[in-house]
Amino acid sequence: MTRRGAPPRHRTTHASRQGTPLKASIASLLEHAVAAVPEFADAPDVTSIRATVERARDARHGDFATNIAMRLAKSAGMTPRDIAQRIIAAMPASELVDRVDIAGPGFINFTLSDEAFHREIGLILEQGEAYGRGEPREGPKVLLEFVSANPTGPLHVGHGRHAAFGATIGNLLQAAGYPVDREYYVNDAGRQMDILGVSVWLRMLEADGETIAFPDGGYRGEYIRDIAASIDRDGLPAVDIDKAFERLPPADDPDARVDALIEVAETLLGAENFDRIRRAAYGSILDDIRDDLAEFGVTFDRWFSEQSLTDEKRIDDELEVLGERRMLYEKDGATWFRATDYGDDKDRVVVRENGKTTYFASDIAYHYDKCQRGYELLIDVLGSDHHGYVTRVRAGLEAMGYAGDSLAVDFVQFVTLYRGGEKVQMTTRGGRFVTLRELRDEVGNDATRFFYVMRSNDQHLDFDLELAKSRSNDNPVYYIQYAHARVASVFRQLNEKELTHDRENGVASFSLLGESQEKALMSSLSRYPEIIELAAANRAPQHLVHYLRDLANDFHTYYNAHTFIVDDAALRDARLALIDAARAVIASGLEILGVSAPDSM
RNA sequence: GCCCCGGUAGCUCAGUUGGAUAGAGCACCAGAUUCCUAAUCUGGGGGUCACAGGUUCGAAUCCUGUCCGGGGUACCA
């Protein structure tokens, strides 16, 4: 499992008042009961009682179950069943609970009253799409960084998964009440930007009719030509190409060749002009990335420039602090950070022999900066090939005086595209990837967002284009959206029959809803707050995906089994109120996933 | 070598932080619509949770070891 910096558990101050999720209400009853038994007063597990309350998996076990009696057995020196007996005897009466039973080796099973569910559905109708969202929390203040792709080309399908996952995590944390900001780290400094500038310049020359052996390390996408065409040539000096290229290192050393080309460009054009091309290039690409993400429903609170770390002397500050703390030393002409003091495999270079700082030096400064801005939990969404960074960045944070575990990293595994059973070639000879935009154009934003988070982030993702596009029962996106559209359709039908829906009458008539499908739907709906909390705490959107699928199934089953628009007004109002609650929860869940909730399909 | 992730039904994957008889979709088989959208529903078969030990009332889940697949192990970003 990926290591996760778990946010501290929400401390609930509850009585079983309205607005408290069902599970918390049950946990509260249990806490009172345990506290009322003197023998358990100092049992070590009492503080985590809430965590022991679970939904029963089997209807025969009631609605909720706890294993608290088994957990207390050792410290209390009693058998689980005896403990369960004592706890049940001490349980305060509640209108939410019909029965409390002991089962199996010592489980305590709670069977809720109809009233408990009716209240919960009423609450959904009252709160609408706000239902299930956690109370705003003081902290930890979360900074969520994701995508952060280099602005050297358009986003591809791998970045898309990062975008969808990160955005959904952000929505989930926010829904659970955490204060969260989203940030994109823009790698606008260093050699990559120089290579980008050179690539554009070479394409400009080509457009002028020059023949140029394009270097291996350069960016050769078609978009580079487009950018080259858009560069304002006013003030650019004329260039004697042949002379400029005659001293280049041989092609079998691509790195040296690219570096030499950068130098040539800077000399011939002048540093200012070259910088202008470079900025135009990365500015245009970054605009494209920003648009692409915005169309995908992914937005950021801040775009943080790597270059600003240098400009604002943040890296200098960092090196000074590390130096004062004696965390640096010189070797082989470079400056090294004592990462091994903090558990890393080896020490790491922060200033190279050539005097330039490393990307790692920027990373420390950047994460240090995040801490200094007051964020208490830093979440980075990274590709799984970056796992080696975590230890050293944590080391950097600790050396700078912050807790290493304030950094949590969620790794996103690779994406493989399939068309039917066929694997899709993701890269072309020109080094071109299938872009996120192409994927979105082909399968649509909704299916794309959904499929990206359908699987656990640390699972390889097989993205089947045909399945994502299919408008059939194979496709879980449409399955869920269809449930939402069906509810809207029912209300349209109601309108056509010139009937109206009296919600208050419906809520007052919930006791008429005795069908098994109705009870199942109510139970599922009441789970929503638990799902939000679970998915947020684990940063695992797939919990929400699976929940919505199950919820849609409960709805479709109900739809097929019973008619909602019946003659009996009370029953009709009650049924319509129930499906309207289902509509609200589905809409809320889809919103968190960044998927639309259509009224018709 | 060392580090990270994964191994659960024919396929793709869940599994609520150690619970009760391991779940879902697809695929396969059999059914449902005079009625609110059949983009739907109902039923059925299908499992050595990679393997071997261990921890305990209880293990797919935790520990140790082994095997297989992917990734990483830069004075690149």
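Note that the structure is predicted; figures quoted are calculated from it, not measured. Proteins come first, then strands; the chains are lettered A, B, ... in the order of their sequence lines, and each starts at number 1. Any value given below was found using the heavy atoms of this structure, including those in side chains, with hydrogens, waters and symmetry copies removed.
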Engineer: Any N or O donor-acceptor pair linking the side chain of A:N109 to the base of B:A20 at under 3.5 Å?
Structural biologist: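 Checked by distance alone, the answer is yes.
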Engineer: Grab the CG-C1' distance between A:N457 and B:C4 for me, whole Å please.
Structural biologist: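 Checked: the CG to C1' distance equals 13 Å.
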Engineer: Could you tell me whether A:S600 contacts a base, only the sugar-phosphate backbone, or nothing, with contacts defined as non-hydrogen atoms closer than 4.0 Å?
Structural biologist: base
Engineer: Could you check whether the side chain of A:R57 and the base of B:U21 have a donor-acceptor pair of N or O atoms closer than 3.5 Å, going by distance alone?
Structural biologist: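 Not at all, since no donor on one side and acceptor on the other fall under 3.5 Å apart.
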Engineer: Checking all strands, does A:R55 fall into the base, sugar-phosphate, or nothing category for heavy-atom contacts under 4.0 angstrom?
Structural biologist: nothing
Engineer: What is the distance, rounded to the nearest whole Å, between atom OH of A:Y528 and atom C1' of B:U16?
Structural biologist: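 Distance check: A:Y528 OH to B:U16 C1' gives 16 Å.
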Engineer: Within 45° of the six-membered ring axis of A:Y547 and under 6.0 Å from that ring's centre, is NZ or CZ of A:R527 located there?
Structural biologist: no
Engineer: Are A:Y282 and A:Q307 close enough that a side-chain donor and a side-chain acceptor fall under 3.5 Å?
Structural biologist: no
Engineer: Find the partner of B:U73: check Watson-Crick (N1-N3 plus N6-O4 or O6-N4) and G-U wobble (N1-O2, O6-N3) distances, both under 3.5 Å, and reply none if neither fits.
Structural biologist: B:G1
Engineer: Can a donor-acceptor pair under 3.5 Å be found between the side-chain atoms of A:N67 and the base atoms of B:G19?
Structural biologist: yes
Engineer: Looking only at atom C1', what distance separates B:U8 and B:G46, rounded to whole Å?
Structural biologist: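 The answer is 14 Å between these two C1' atoms.
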Engineer: Can the positive tip of A:R549 be found less than 6.0 Å from the middle of the six-membered ring of A:Y479, inside 45° of the ring normal?
Structural biologist: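 Yes, A:R549 and A:Y479 form such a contact.
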Engineer: In whole Å, measure the gap between the C1' atoms of B:C75 and B:G71 for me.
Structural biologist: 24 Å
Engineer: So what does A:A561 hit on the nucleic acid, given a heavy-atom distance under 4.0 Å: a base, only sugar-phosphate, or nothing?
Structural biologist: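 Counting heavy atoms under 4.0 Å across all strands, no contact is made by A:A561.
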Engineer: If you look at every strand shown and take non-hydrogen atoms under 4.0 Å, does A:I565 touch a base, only sugar-phosphate, or nothing?
Structural biologist: base
Engineer: Scan nucleotides 70-74 of chain B against the protein and return all N/O pairs shorter than 3.5 Å with their distances rounded to 0.1 Å.
Structural biologist:
unit_1	atom_1	unit_2	atom_2	d
B:G71	N2	A:H387	NE2	2.3

Engineer: I want to check one thing: is the phosphate of B:G15, taken as OP1 and OP2, less than 4.0 Å away from some side-chain N or O of A:Q542?
Structural biologist: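 Yes, because at least one side-chain N or O of A:Q542 sits under 4.0 Å from OP1 or OP2 of B:G15.
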Engineer: Counting only side-chain heavy atoms from C-beta out, which of B:G15, B:U12, B:G19 sits nearest to A:R455?
Structural biologist: B:U12
Engineer: If you look at every strand shown and take non-hydrogen atoms under 4.0 Å, does A:H61 touch a base, only sugar-phosphate, or nothing?
Structural biologist: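 Base, at least one base heavy atom under 4.0 Å.
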Engineer: Do A:Q481 and A:D446 have side-chain atoms, one donor and one acceptor, less than 3.5 Å apart?
Structural biologist: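 Judged by distance alone, the side chains do pair up.
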Engineer: A:Q459 side chain N/O closer than 4.0 Å to the phosphate oxygens (OP1, OP2) of B:A14?
Structural biologist: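 Checking B:A14 against A:Q459, a side-chain N or O does come within under 4.0 Å of OP1 or OP2.
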Engineer: Roughly how many Å apart are B:U61 and B:U56, using the C1' atom of each and rounding to a whole number?
Structural biologist: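 Those two atoms are separated by 14 Å.
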Engineer: Looking across every strand, which nucleic acid part, if any, lies under 4.0 Å from A:A483 by heavy atom: base, sugar-phosphate, or nothing?
Structural biologist: nothing
Engineer: Please check the phosphate of B:C57 (OP1 and OP2 only) for any side-chain N or O of A:R71 closer than 4.0 Å.
Structural biologist: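 A:R71 to B:C57 OP1/OP2: no side-chain N or O under 4.0 Å.
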Engineer: What contact category does A:T563 fall into here, base, sugar-phosphate, or nothing, at under 4.0 angstrom with non-hydrogen atoms?
Structural biologist: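 If one applies the 4.0 Å heavy-atom cut-off, A:T563 turns out to touch a base.
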Engineer: Is A:E353 touching bases, backbone alone, or none of the nucleic acid, heavy atoms closer than 4.0 Å?
Structural biologist: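 Base, at least one base heavy atom under 4.0 Å.
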Engineer: Does a side-chain N or O of A:N560 approach OP1 or OP2 of B:A32 to a distance below 4.0 Å, or not?
Structural biologist: no
